[in-house]
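In this text, all values refer to a predicted model and were calculated from it rather than measured experimentally.
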Amino acid sequence: MKLKWVTLVLSTLALMTCLIGNVLTEPTPRRPFSLAGNETFDAQLSLENDFPPTPFRMPIFHFADNALSSQALQRAYQRNLKIQKPEILKDLVPGPYSTAPGVYSLAEVIHERVGAIPSDPQLQDILNGVFQIKLPDGHYPFRELVSADLAQTTQGWRAKGILGAVYLKSSVPKEALELKIDRIISHDDDVLSTRTLAGLEDTIQSQIKKVAPLIGLAVFAMVLVIGFYFQDVRDIIAAAIGLGLLIGALSGVRKILNLPESQLSSMLPILLLALGVDYSIHSLSRLRHAGTQSWWSTVRELAPALILTTITTGLAFGSNLVAPIEDLREWGALAAIGIVLTYMSMGLVVPAIRFYVFGAPASSENLTSPTQPLGARYPKLVFAAFVILSVGTGYYAQSLKSGFDVEDFLPSETRYVQTVKKVAEVFSASGEPGTLLIRGDFSEAKTAKTITDLAEKLCDKGLARRGEVATALKDLRAGSGSHILTRESQASAFALPIIVHQAGVWSKIESAKTGIESLASEELKGAPGIQSWTATGAPFLRYSFVNALTETIQSGIPLTLLCCFLVSCVVFRSVRLSLLVFIPVIVVCVGLQAGMVALGLRLNLVTVQVASLAIGLGGDYMLHYVQRFRELRLSQSAATVQDLVAQTHGSTGRALIGSAVSTVLGFVILAFAPMPLFATFGLIQFVMILLSLCGVLTLLPALIVLFVKAEVTPSPAPVQAQLLIAEGAVR
């Protein structure tokens with residue numbers, strides 16, 4: 001009796017403690033897509049935080065059928081004037097080849113030369129002169145302000161876009177100023193601004209705020225499911241209280257752990273609500289079957305299944321703790337704790353509220369009847385069909401690839417995504433900037449000469465621009481400047497500008513990284529004072545991020561499967577039963593990956609969760625089914641395996657269908673989220689639940705009939721043995 005009250009009190013106190021965490025302040029938002037500890041990511045952080053502050057460059061792109069026409073350049077110039085308002089002008093600095101603060105672009109260059117944007121005939125003569133300007137280092141500076149399709153035709157110079165920039169003082173709050181400038185030009189259809197990382201963070205945060213109403217919708221939908229399933233207002237009230245406790249406790253835990261709200265964490269409440277209804281359906285169904293027996297009897301009977309599913313699902317979530325991506329590690333920690341809170345609130349507190357506040361429900365054991373599933377009737381045929389299907393899908397699933405696309409994370413209609421797509425279309429051949437970060441001691445003349453030779457070869461291969469390289473090498477020779485990191489009066493790092501052409505093509509990023517680092521290795525290896533070199537910048541960060549996703553699924557999923565299998569072996573005390581649980585889970589995982597390939601989907605920050613959730617959620621179904629089968633086998637020594645499977649199907653099978661409906665409903669709600677990856681994730685998980693349900697109701701019965709005929713030895717005291725197993729699992 002003491003254990004009953006200790007369990008209830010401790011669970012309630014844990015939930016209340018987590019609820020108190022909501023009074024804490026909201027954690028500071030963290031940079032999205034962080035890869036702390038990754039060489040490429042850490043090099044980028046060093047460039048941003050350690051090097052001398054430089055004017056911040058906010059790119060602005062102007063597009064037109066011919067962006068070099070007099071009309072298009074006039075619009076660009078007038079638009080740029082809007083930015084040079086008195087309240088903004090004080091925060092601007094001159095751009096290159098210009099002495100006036102404000103926006104720098106080809107339109108300003110022409111206006112400075114003739115005092116106006118001339119008509120097309122005169123304009124073409126001016127463009128001829130501008131584009132022929134060549135600096136001593138051999139590059140044409142003003143051609144770099146135009147998209148790569150720049151061409152001279154019989155009608156004059158033509159290009160689809162021109163690149164401008166706003167140069168801001170390094171000391172100003174960039175995010176607020178970026179937003180202000182972006183709003184000024186946001187009404188013009190032919191201009192877009194890339195607000196760099198600040199723009200991405202702001203857009204993501206605005207999308208996260210739109211998820212909150214969906215959580216309320218999910219609570220309402222889950223309550224409707226409970227009402228439809230039990231058709232008793234007392235069950236509805238008890239479940240609603242439990243769902244409220246769960247959401248509040250999860251929010252409090254996030255603040256206690258000081259985890260910023262991210263796209264992943266904003267999705268977690270809806271996921272746990274669906275799982276919570278799953279737990280409540282099992283607990284309230286068993287409470288009804290128990291009738292006037294105590295709440296504690298129900299908890300003890302369900303403990304082996306619910307505790308085991310909590311552990312395995314927690315392990316599935318927790319596998320992300322070893323991921324190299326910070327977003328995934330935070331998700332893993334929060335989700336693993338969240339599933340424990342789900343068990344406390346929905347598996348313990350909800351049935352306690354139902355029993356002690358509203359009274360014991362009338363017994364409904366007679367409402368379930370034995371149902372012979374297809375797998376039990378034709379076990380060999382069903383097993384053979386799944387083997388053939390698994391071999392085919394397994395071969396197809398091998399072609400699943402990782403990827404990183406901004407459209408996976410943000411709606412296509414957002415201004416940020418439109419900018420990225422348009423710039424990739426028009427300016428991709430112009431190249432995306434990066435940096436080769438070289439660390440060491442540059443005091444010896446030979447070292448500087450080696451770096452200069454490397455820079456020259458990079459320019460020859462089109463992997464760097466001569467103008468940018470010339471400026472950087474000037475800082476290297478002087479021992480100071482924005483490209484040199486100096487510590488204790490000695491240069492310790494040098495930032496050499498590089499370029500990646502067609503950075504939207506994955507193979508181009510990979511070949512550029514390989515080519516740059518191989519060339520650097522040939523030139524710098526053995527040079528006096530050189531310690532290391534790393535290619536970094538936006539394209540290489542994307543490359544590293546996708547590699548980290550691949551590493552996550554390659555290392556996390558096998559680890560999750562192994563841990564869950566070992567736990568089930570301990571609880572079931574049977575390797576054979578544990579194998580029967582996870583064979584259908586593996587089939588579901590393989591089928592899901594094959595389905596993603598068929599739909600043209602890739603592994604990204606969210607879809608990489610699919611396999612781990614298939615193990616956690618799909619495994620839950622298998623565990624509930626097998627545990628119920630074991631209970632019946634212990635209590636009915638004379639029954640055949642087919643009879644026990646039929647009884648399991650009629651009781652637990654029915655509950656699994658109800659819990660599957662609730663889980664599917666939760667994922668369907670995700671389809672209404674503004675972020676595309678949520679909708680994709682909801683669709684994939686919808687398929688996963690259906691596949692898992694098919695596996696537990698079809699394949700698992702076939703496996704039990706084929707392989708468990710002599711698995712369990714009936715006990716002479718079946719009821720006592722059953723209670724001992726339950727109590728052991730609770731303790």
Side-chain angles (χ1 to χ4, degrees), residues 305 309 312 368-397 561 564-565 568 572 574-596 598 610-611 613-633 636 639-661 663-664 684-712:
T309 56
T312 55
T368 60
S369 58
T371 304
Q372 196 69 253
L374 181 67
R377 283 181 286 173
Y378 310 102
K380 294 182 180 179
L381 181 62
V382 169
F383 179 68
F386 271 94
V387 168
I388 295 172
L389 183 64
S390 299
V391 171
T393 54
Y395 177 79
Y396 197 54
L561 274 174
C564 292
F565 174 73
S568 63
F572 289 155
S574 168
V575 173
R576 185 182 301 178
L577 277 179
S578 300
L579 283 174
L580 296 188
V581 167
F582 285 97
I583 287 175
V585 172
I586 295 173
V587 171
V588 170
C589 289
V590 174
L592 273 177
Q593 293 188 9
M596 290 176 64
V610 168
L613 287 176
I615 296 171
L617 304 186
D620 287 356
Y621 294 170
M622 316 301 166
L623 291 168
H624 279 296
Y625 198 97
V626 170
Q627 177 59 25
R628 182 58 174 165
F629 172 81
R630 292 179 73 246
E631 292 175 0
L632 292 172
R633 184 64 182 264
Q636 301 179 30
T640 66
V641 172
Q642 285 84 352
D643 289 340
L644 296 175
V645 169
Q647 293 180 54
T648 303
H649 216 74
S651 56
T652 299
R654 179 175 177 269
L656 288 175
I657 293 174
S659 64
V661 170
T663 308
V664 164
I684 296 173
Q685 292 304 107
F686 171 77
V687 176
M688 184 271 288
I689 295 298
L690 294 182
L691 290 177
S692 298
L693 197 60
C694 179
V696 73
L697 299 181
T698 306
L699 177 59
L700 187 56
L703 294 173
I704 292 175
V705 170
L706 289 174
F707 301 108
V708 191
K709 291 183 179 180
E711 174 60 26
V712 182

Visitor: Can you check side chain to side chain contact (heavy atoms under 4.5 Å, CB included) on Ile388 and Phe383, steps first, answer last?
Guide: CA-CA 9 Å; Ile388 295 172; Phe383 179 68; over 6 Å; no
Visitor: Let me see the working for Phe629 and Gln647 under side chain to side chain contact (heavy atoms under 4.5 Å, CB included), right down to the final yes or no.
Guide: CA-CA 8 Å; Phe629 172 81; Gln647 293 180 54; over 6 Å; no
Visitor: Any chance you could measure Met622, atom CE, to Leu577, atom CG, to the nearest 0.5 Å?
Guide: 14.0 Å
Visitor: With a cut-off of 3.5 Å and sequence neighbours excluded, list every side-chain donor-acceptor pair involving residues 696-708.
Guide:
unit_1	atom_1	unit_2	atom_2	d
Thr698	OG1	Cys694	O	3.1

Visitor: Quick one: does Val581's side chain get under 4.5 Å of Phe565's, heavy atoms only?
Guide: no
Visitor: Are Val382 and Leu374 close enough, and set up right, to give a side chain to side chain contact (heavy atoms under 4.5 Å, CB included), and what steps lead you there?
Guide: CA-CA 8 Å; Val382 169; Leu374 181 67; 4.3 Å; yes
Visitor: Check whether any side-chain heavy atom of Gln642 lies under 4.5 Å from a side-chain heavy atom of Arg377, and answer yes or no.
Guide: no
Visitor: Quick check for you: to the nearest 0.5 Å, what is the distance between Leu656 atom CG and His649 atom NE2?
Guide: 9.0 Å
Visitor: Taking the side chain as every heavy atom from C-beta outward, state whether Ile689 and Tyr621 have any atom pair closer than 4.5 Å.
Guide: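 SC-SC contact between Ile689 and Tyr621 confirmed.
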Visitor: For a 4.5 angstrom cut-off between non-hydrogen side-chain atoms, does Phe386 reach Ile583?
Guide: no
Visitor: If you apply the rule side chain to side chain contact (heavy atoms under 4.5 Å, CB included), what do you find for Ser390 with Val587, and how did you get there?
Guide: CA-CA 6 Å; Ser390 299; Val587 171; 3.4 Å; yes
Visitor: Which pair of non-hydrogen atoms, one from Ala594 and one from Thr393, has the smallest distance, and what is that distance?
Guide: CB-O, 3.5 Å
